[in-house]
Structure formats: structure tokens, C-alpha cells
Amino acid sequence: MRSAFYVLFLMNFILLVSCDEKRVFDDYKSVKGWHKDSLVSFKLKDVDTSGTYDLFINIRNNNKYNFSNLFLITEIRFPEGKVISDTLEYEMTTAEGEWLGTGFGDVKENKLWYKENIKFDESGDYLVTIQQAMRKNGEVEGIRELEGITDVGFRIEHSNSDN
């Protein structure tokens with residue numbers, strides 16, 4: 001019985017490690033009451049300039065999140081000063097109001113496409129920032145403290161075009 005447990009554990013470990021061979025960078029920052037002026041930042045060091053990458057924003061939310069979508073403002077600051085800014089909208093629920101994403105309990109994790117087949121063609125440090133840009137319908141002022149988002153992550157994977 002004990003040896004069967006160890007074999008099962010080893011197989012799960014190998015499966016987990018092999019499923020993540022595309023990962024180049026993966027980091028999370030916890031947020032609580034995500035303020036509209038708060039930037040979640042990720043510093044990227046020594047990214048291989050010869051590769052092509054897919055970029056993802058990872059969001060963990062709980063049942064305190066009161067919206068079916070999520071608006072974000074992102075920036076990528078290149079080492080030599082170039083800046084790419086995007087305003088993004090992601091669906092967080094189905095049309096029936098069921099949470100998208102994976103997870104048990106009241107926390108769901110969403111792996112959201114950000115950019116595909118990207119080259120980091122400048123040597124040096126890059127800075128990625130993510131800011132929430134939520135507002136209620138008909139209101140100009142953004143939501144000051146966004147509840148229900150627990151963690152914001154940024155992930156880089158080797159692109160399928162590299163294969």
C-alpha cells in the first residue's frame with residue numbers, strides 16, 4: 001500500500017513538472033482592496049532576446065468580486081525606453097453568472113491571454129505593470145477599492161511558434 005502511494009506521488013510530480021516546461025517567468029502579487037491607482041509590477045531580468053513568447057495575466061478572485069468582467073490597463077517598459085500600453089477587458093463569468101477559471105472553493109484562477117508571439121528584442125530589464133480600471137455603468141469615476149481580486153500574476157511561456 002505504501003509503495004503504491006509513493007508511485008502515485010512520483011507520477012503526479014513528474015506530470016506536474018513536465019506540464020510546465022514552457023514556463024519562462026511566473027510570479028504573483030497579493031492584492032487586497034485593489035486601489036484604482038495601485039500598480040502591480042513585475043520586473044523581468046535577462047529575458048532571452050532570441051526567443052518568442054506568449055504572455056498571460058493570471059487573476060485569482062473570490063466570491064466578493066461583484067462583476068462579470070474585468071478591465072485592466074497594462075504597460076510593458078522596455079530597457080531602452082519604449083512603452084507599450086494596452087486597455088484590456090476579460091470576461092470573468094459565463095452568461096449564466098458562473099465563474100470562469102479553475103479552482104476549488106470560492107477562489108478561482110483565470111489564465112488570461114495578453115500577447116502572443118512576442119520578442120523581447122532589447123537586452124536589459126523590462127517592467128510590466130498592471131492596473132485595474134473598473135467602473136460602474138454610467139459613472140465616470142473608477143472604483144476606488146476593487147474587492148474580490150486576491151492575486152495578480154504575470155506569466156511568460158515559450159511560444160508554440162518556437163517549436
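Computed over heavy atoms, backbone and side chain alike; hydrogens, waters and symmetry mates excluded.
The aromatic rings of F25 and F154 sit tilted relative to each other, their planes meeting at an angle between 30° and 60°.
Distance CD/E147 to NZ/K32: 8.0 Å, rounded to 0.5 Å. Distance check: D27 CG to R155 CZ gives 12.0 Å after rounding to the nearest 0.5 Å. We find the NZ-CD1 distance between K115 and I57 to be 9.5 Å, quoted to the nearest 0.5 Å. Taking CG of L146 as the start and CG of L70 as the end, the distance is 7.0 Å to the nearest 0.5 Å.
For D37 against H35, the heavy-atom pair with the smallest separation is N-ND1, 2.9 Å. Residues P79 and G124 approach most closely at CG-C, 3.6 Å, considering heavy atoms. Shortest non-hydrogen contact noted between L88 and Y90 is CD1-OH, 3.4 Å.
With contacts defined as side-chain heavy-atom distances shorter than 4.5 Å, the pair I118/I156 does not qualify. Side-chain atoms of M92 and F67, non-hydrogen and from C-beta on, never get closer than 4.5 Å to each other. Put simply, the side chain of S41 reaches to within 4.5 Å of the side chain of L127, judged on heavy atoms. When side chains are defined from C-beta on, I76 counts as touching L55, because their heavy atoms get closer than 4.5 Å. Using a 4.5 Å cut-off on side-chain heavy atoms (C-beta onward), I130 and W34 make contact. The shortest distance between side-chain heavy atoms of V152 and L72 does not fall below 4.5 Å. Contact of the M134 side chain with the N69 side chain is registered, since non-hydrogen atoms from C-beta on lie closer than 4.5 Å.
Each side-chain hydrogen bond (donor to acceptor under 3.5 Å, both in side chains) pair with one or both residues in residues 121-136, not counting sequence neighbours, would appear here, but there are none. Sorted by first then second residue, the salt bridge (Lys or Arg N to Asp or Glu O under 4.0 Å) pairs that include residues 52-69, not counting sequence neighbours, are R60-E109, R60-D151.
Looking at K119, its side chain does come within 3.5 Å of a backbone N or O of S50 through a donor-acceptor pair. Panel note: side chain Y53, backbone D48; a donor-acceptor pair is recorded below 3.5 Å.
Hydrophobic clustering of Ile, Leu, Val, Met, Phe, Trp and Tyr side chains at less than 4.5 Å, counting indirect connections, unites Y114 with F78. Placement of I143 and V31 within a single hydrophobic cluster is found when ILVMFWY residues are connected by side-chain heavy-atom separations under 4.5 Å, directly or transitively. Clustering ILVMFWY residues whenever any of their side-chain heavy atoms sit less than 4.5 angstrom apart, transitively, puts Y28 in a cluster other than the one holding F42. Linking Ile, Leu, Val, Met, Phe, Trp and Tyr whenever their side-chain heavy atoms come within less than 4.5 Å puts F71 and I59 in one cluster. Using a 4.5 Å cut-off between side-chain heavy atoms of Ile, Leu, Val, Met, Phe, Trp and Tyr, with links allowed through other members, F120 and I84 fall into the same hydrophobic cluster.
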Verify side chain to side chain contact (heavy atoms under 4.5 Å, CB included) between L39 and E75, making sure each step is shown before the conclusion.
CA-CA 10 Å; L39 299 177; E75 282 190 356; over 6 Å; no
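With hydrogens and angles left out, the side-chain atoms of S159 and N117 include a donor and acceptor closer than 3.5 Å.
Atom NZ of K43 sits in a sparse spot, with 12 or fewer heavy atoms from other residues, nucleotides or ligands closer than 6.0 Å.
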Side-chain atoms of residues 95-105: list all donor-acceptor pairs with protein atoms under 3.5 Å, sequence neighbours left out, distances to 0.1 Å.
from	atom 1	to	atom 2	distance (Å)
E96	OE1	T94	OG1	3.4
W99	NE1	N63	OD1	2.9

